[in-house]
Amino acid sequence: MLDIKRIKNDLDLVQKGMEKRGAQIDFSSFLKIEEDRKKFLLEIEELRHQRNTTSDEIARMKKAGEDAQPSIEKMRSVSERIKELDKDLGEVEAQINDFLISLPNLPADDVPKGKDDTENRLEKTWGDPRQFDFKIKDHADIGEDLGILDLGRATKLAGARFPLYMGAGARLERALINFMLDIHTTEHGYKEALPPFIVNRTTMTGTGQLPKFEEDLFKLDGWDYYLIPTSEVPITNIYAKEILDEAVLPLKFTAYTPCFRSEAGSYGRDTKGLIRQHQFNKVEMVKVTSPDTSFDELESLLANAETILQRLELPYRVVTLCTGDLGFSATKTYDIEVWMPGQDKYREISSCSNCLDFQARRASIKFKRKGAKKPEFCHTLNGSGLAVGRTFAAILENYQQADGTVTVPDALVPYMGGRTVIENER
RNA sequence: GGAGAAGUGACCGAGCCGGCUGAAGGUGCUCGCCUGCUAAGCGAGUGCACGGGGAAACUUGUGCCGAGGGUUCGAAUCCCUCCUUCUCCGCCA
């Protein structure tokens with residue numbers, strides 16, 4: 001959510017930012033309603049003041065044995081009027097809130113303008129894609145052939161776009177989760193969390209998934225509960241409605257959770273394999289920071305995610321998302337894209353974003369500087385560290401052998417019980 | 001699922017036969033004083049949101065005692081609904 005004062009004071013700037021995003025937004029009716037709000041508020045406060053002082057007077061008069069009836073009569077109508085205005089004010093406030101809560105975050109100055117992912121800016125490339133001297137397979141075929149993925153039977157259990165890992169596959173997925181969590185907690189200073197996988201409407205609204213993107217979520221029938229699409233949602237909201245001590249910042253959390261996405265509107269895309277699933281595993285990193293450091297923290301967040309790929313020796317590149325590809329809550333996002341030999345291209349495996357105070361304002365996450373009177377909103381950041389299913393897929397494709405087996409990356413061997421190669425388990 | 005109890009400021013905890021309580025008292029915290037050090041002691045301060053005035057320090061208005069309604073001139077205090085927590089019983093990983 002943007003600061004309403006900023007919209008009023010820097011309308012040009014806000015409008016430019018929205019245009020850069022390609023969003024057509026009409027601020028004129030908003031400004032008019034905002035004026036109404038102020039008018040109502042002024043009158044209400046005036047009347048309430050009158051009521052408060054007169055009520056005190058009535059108490060005094062009654063105590064003194066005087067006749068308070070005329071004042072009581074008068075206040076009766078005043079209260080009536082307050083009630084009416086209250087209703088008007090409530091309606092106007094609801095309209096303003098609906099408007100504010102549906103506005104996306106403003107893009108940072110250095111975010112390139114563009115319409116879609118083809119216009120993202122390449123920042124760096126790491127590692128050289130391996131040259132294969134045999135006919136390579138994609139990860140779905142490798143996994144199915146080895147008997148460590150059973151996507152066919154998963155369809156029977158749930159439907160399309162659900163994973164079923166078996167044997168060394170299940171072990172590899174678990175190994176990756178543990179490997180990532182261990183690095184983030186012991187080397188990068190994150191505190192591990194294990195949050196609910198189901199959250200309420202307020203929490204979903206805090207990070208920006210609601211109210212605009214309800215169709216992307218799984219909702220529990222008959223409950224105001226949603227399956228989380230990412231652990232960013234519960235983790236960022238941990239300190240909602242709280243005022244933190246400046247000294248505790250930055251807060252750094254990492255969490256493994258499954259993620260659930262309806263993938264509405266992506267029919268036909270990435271239908272094969274683990275790339276796009278209704279349920280997938282992810283290790284997430286979340287930071288709650290002071291506004292002074294959030295962009296530095298974004299750089300280190302990105303570096304923390306890159307570390308995982310470097311240790312796994314998987315080639316990748318980093319892009320800055322252009323405005324057309326930028327998420328609703330983010331002001332700037334780096335995507336890490338891993339090399340997928342089976343598809344002969346780089347695919348997103350992590351997304352690292354600075355949301356500034358956009359989410360903090362929605363969820364009311366504040367901090368107080370030492371000696372300061374007023375609390376300020378924190379900045380929040382989040383990044384995948386990494387999407388586990390896609391990492392699994394990348395390992396299969398990059399580490400496949402001519403005989404159909406898959407070599408285990410050195411860093412994962414201890415997490416695989418010493419196993420160095422995944423062989424046919426059929 | 002059944003029966004009962006409770007939700008007050010950073011925390012503990014009064015108030016709850018309606019008005020002088022934004023809220024006693026205590027703890028904690030901040031600043032100042034005192035002190036050889038530590039402890040103790042003394043003094044002052046210590047919520048959030050929105051609005052008015054002021055360059056600022058600050059000042060002033062309104063709202064907030066789980067949430068939302070209602071009664072009343074006036075509600076932390078009375079009534080209704082909901083949420084949450086705790087205890088006991090049942091069930092259960």
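Predicted model only: the values in this text are computed from it and were never measured.
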Note to self: Please tell me whether Phe218(A) and His278(A) form a close aromatic pair, meaning their ring centres lie under 6.0 Å apart.
What the structure shows: yes
Notebook entry, point to check: In whole angstrom, what separates Lys63(A)'s NZ from C20(B)'s C1'?
Noted result: 6 Å
Check: Does Arg361(A) use its side chain to pair, donor to acceptor, with the backbone of Phe377(A) at less than 3.5 Å?
Finding: no
Between the protein and nucleotides 71-76 of chain B, are there any N/O to N/O pairs under 3.5 Å, and if so, what are the atom names and distances?
{"from": "U71(B)", "atom 1": "OP2", "to": "Lys83(A)", "atom 2": "NZ", "distance (Å)": "3.0"}
{"from": "C73(B)", "atom 1": "OP1", "to": "Arg76(A)", "atom 2": "NH1", "distance (Å)": "2.5"}
{"from": "C73(B)", "atom 1": "OP1", "to": "Arg76(A)", "atom 2": "NH2", "distance (Å)": "3.4"}
{"from": "C73(B)", "atom 1": "OP2", "to": "Arg76(A)", "atom 2": "NH1", "distance (Å)": "3.2"}
{"from": "C73(B)", "atom 1": "O4'", "to": "Ile72(A)", "atom 2": "O", "distance (Å)": "3.4"}
{"from": "C73(B)", "atom 1": "O3'", "to": "Ser79(A)", "atom 2": "OG", "distance (Å)": "3.2"}
{"from": "C73(B)", "atom 1": "N4", "to": "Lys62(A)", "atom 2": "NZ", "distance (Å)": "3.2"}
{"from": "G74(B)", "atom 1": "OP1", "to": "Ser79(A)", "atom 2": "OG", "distance (Å)": "2.6"}
{"from": "G74(B)", "atom 1": "O4'", "to": "Ser55(A)", "atom 2": "OG", "distance (Å)": "3.2"}

Check: How close or far is atom C1' of A49(B) from atom NZ of Lys5(A), stated in whole angstroms?
Finding: 10 Å
Check: Are more than 12 heavy atoms from other residues, nucleotides or ligands located less than 6.0 Å from atom NZ of Lys8(A)?
Finding: yes
Next item on the list: Would you mind pulling out the nucleotide paired to A3(B), Watson-Crick or G-U wobble, both distances under 3.5 Å?
Entry: U87(B)
Note to self: If I pick the P atom on A24(B) and the same atom on C16(B), what distance separates them, to the nearest angstrom?
What the structure shows: 15 Å
Note to self: Just the rounded figure in Å: distance from P of G63(B) to CG of Leu42(A).
What the structure shows: 14 Å
Check: Between the side chain of Arg426(A) and the main-chain N/O of Leu146(A), is any donor-acceptor distance below 3.5 Å?
Finding: no
Donor-acceptor list for residues 158-174 of chain A side chains, cut-off 3.5 Å, not counting sequence neighbours:
{"from": "Arg161(A)", "atom 1": "NH1", "to": "Arg269(A)", "atom 2": "O", "distance (Å)": "3.3"}
{"from": "Arg161(A)", "atom 1": "NH1", "to": "Asp270(A)", "atom 2": "O", "distance (Å)": "3.2"}
{"from": "Arg161(A)", "atom 1": "NH1", "to": "Arg276(A)", "atom 2": "O", "distance (Å)": "3.0"}
{"from": "Arg161(A)", "atom 1": "NH2", "to": "Ser266(A)", "atom 2": "O", "distance (Å)": "3.0"}
{"from": "Arg161(A)", "atom 1": "NH2", "to": "Arg269(A)", "atom 2": "O", "distance (Å)": "3.0"}
{"from": "Tyr165(A)", "atom 1": "OH", "to": "Glu173(A)", "atom 2": "OE1", "distance (Å)": "3.1"}
{"from": "Tyr165(A)", "atom 1": "OH", "to": "Glu173(A)", "atom 2": "OE2", "distance (Å)": "3.4"}
{"from": "Arg171(A)", "atom 1": "NE", "to": "Tyr415(A)", "atom 2": "O", "distance (Å)": "3.3"}
{"from": "Arg171(A)", "atom 1": "NH2", "to": "Tyr415(A)", "atom 2": "O", "distance (Å)": "3.3"}
{"from": "Glu173(A)", "atom 1": "OE2", "to": "Asn281(A)", "atom 2": "ND2", "distance (Å)": "2.8"}

Check: When rounded to the nearest Å, what value does the distance between P atoms of G7(B) and G15(B) take?
Finding: 11 Å
Item checked: Interface with RNA chain B, restricted to residues 195-206 of chain A and to heavy atoms under 4.0 Å -> none
Notebook entry, point to check: So which heavy atom on Leu301(A) is nearest to which on Gly383(A), and how close?
Noted result: CD2-N, 3.8 Å
Could you write out each protein N or O paired with an N or O of nucleotides 58-62 of chain B at a distance under 3.5 Å?
{"from": "G61(B)", "atom 1": "O3'", "to": "His49(A)", "atom 2": "ND1", "distance (Å)": "3.0"}
{"from": "G61(B)", "atom 1": "N2", "to": "Glu45(A)", "atom 2": "OE1", "distance (Å)": "3.2"}
{"from": "G61(B)", "atom 1": "N2", "to": "Glu45(A)", "atom 2": "OE2", "distance (Å)": "3.1"}
{"from": "U62(B)", "atom 1": "OP1", "to": "His49(A)", "atom 2": "ND1", "distance (Å)": "3.0"}
{"from": "U62(B)", "atom 1": "OP1", "to": "Asn52(A)", "atom 2": "ND2", "distance (Å)": "3.3"}
{"from": "U62(B)", "atom 1": "O2'", "to": "Arg48(A)", "atom 2": "NH1", "distance (Å)": "3.3"}

Notebook entry, point to check: Going through the distances and angles, do Leu298(A) and Leu302(A) end up as a side chain to side chain contact (heavy atoms under 4.5 Å, CB included)?
Noted result: CA-CA 6 Å; Leu298(A) 177 62; Leu302(A) 173 67; 5.7 Å; no
Next item on the list: Please work out which of the three classes, parallel, tilted or perpendicular, describes the rings of Tyr225(A) and Trp223(A), given edges at 30° and 60°.
Entry: parallel
Note to self: Tell me the interatomic distance from Lys87(A), atom NZ, to G68(B), atom P, rounded to whole angstroms.
What the structure shows: 18 Å
Item checked: Identified pairing partner of A14(B), criterion: Watson-Crick or G-U wobble below 3.5 Å -> none
Next item on the list: Return the nucleotide paired to U72(B): Watson-Crick means purine N1 to pyrimidine N3 with N6-O4 or O6-N4, wobble means G-U with N1-O2 and O6-N3, both under 3.5 Å.
Entry: none
Item checked: Passing candidate, side chain to side chain donor-acceptor pair (under 3.5 Å) with Tyr334(A), options Arg121(A), Glu299(A), Glu306(A) -> Glu299(A)
Margin query: Work out how far the C1' atom of G22(B) is from that of U8(B), and round it to whole angstrom.
Written below: 11 Å
Checklist line | Atom pair distance, as rounded to whole Å: CD in Glu93(A) and P in G51(B) | finding: 11 Å
Notebook entry, point to check: Which heavy atom in Arg362(A) sits nearest to a heavy atom in Thr205(A), and how many Å separate them?
Noted result: NH1-O, 2.8 Å
Notebook entry, point to check: Is there a donor-acceptor pair closer than 3.5 Å between any side-chain N or O of Thr323(A) and the backbone N or O of Lys20(A)?
Noted result: yes
Margin query: With rounding to the closest Å, how many angstrom separate the C1' atoms on C88(B) and C78(B)?
Written below: 30 Å
Next item on the list: Using atom types as modelled and distance alone, determine if a side-chain donor or acceptor of Thr254(A) lies under 3.5 Å from a backbone N or O of Glu284(A).
Entry: yes
Check: Considering Watson-Crick and G-U wobble pairs with both distances under 3.5 Å, what does A44(B) pair with?
Finding: U30(B)
Next item on the list: Taking atom P in both C11(B) and A67(B), compute the distance separating them and give it to the nearest angstrom.
Entry: 14 Å
Margin query: Only pairs with both distances under 3.5 Å count, Watson-Crick or wobble alike; so what is the partner of C20(B) in this structure?
Written below: none
Next item on the list: Tell me what Lys74(A) touches on the nucleic acid: a base, only sugar-phosphate, or nothing, going by heavy atoms under 4.0 Å.
Entry: nothing
Item checked: Sidechain-backbone polar pair: Asn9(A) side chain, Lys5(A) backbone, donor-acceptor under 3.5 Å -> yes
Next item on the list: Using the P atom as the reference point in each nucleotide, state the distance between G74(B) and C86(B) in Å, no decimals.
Entry: 38 Å
Check: Please, which pairs that meet ring pair (Phe, Tyr, Trp, His ring centres under 6.0 Å) have at least one residue in residues 247-266 of chain A, sequence neighbours excluded?
Finding: none
Next item on the list: May I have the distance from Arg60(A) (atom CZ) to G18(B) (atom P), rounded to whole angstrom?
Entry: 20 Å
Next item on the list: Return no unless some side-chain N or O of Lys366(A) is found under 4.0 Å from OP1 or OP2 of A49(B).
Entry: yes
Check: Which of residues 238-250 of chain A sit near RNA chain B, with a heavy atom under 4.0 Å from it?
Finding: Ile243(A)
Item checked: Exercise: identify the closest heavy-atom pair between Glu214(A) and Arg201(A) -> OE1-NH2, 3.3 Å
Margin query: Please report the distance, rounded to the nearest Å, between CG in Leu47(A) and C1' in G52(B).
Written below: 16 Å
Item checked: Gap in Å between the two P atoms, one belonging to U72(B) and one to G61(B), rounded -> 28 Å
Checklist line | Counter-base of G61(B), judged by Watson-Crick or G-U geometry with both distances under 3.5 Å | finding: C50(B)
Next item on the list: Tell which nucleotide pairs with U35(B), taking only Watson-Crick or G-U wobble pairs whose two distances are both under 3.5 angstrom.
Entry: none
Margin query: Between Glu73(A) (side chain only) and Gln69(A) (backbone N and O only), is there a donor and an acceptor less than 3.5 Å apart?
Written below: no
Notebook entry, point to check: To the nearest Å, how far apart are Ile4(A) CD1 and A49(B) P?
Noted result: 15 Å
Notebook entry, point to check: Are any of Lys368(A)'s side-chain N or O atoms less than 4.0 Å away from OP1 or OP2 of C48(B)?
Noted result: yes
Margin query: Taking only the C1' atom of each, what is the distance from G9(B) to A5(B) in whole angstrom?
Written below: 23 Å
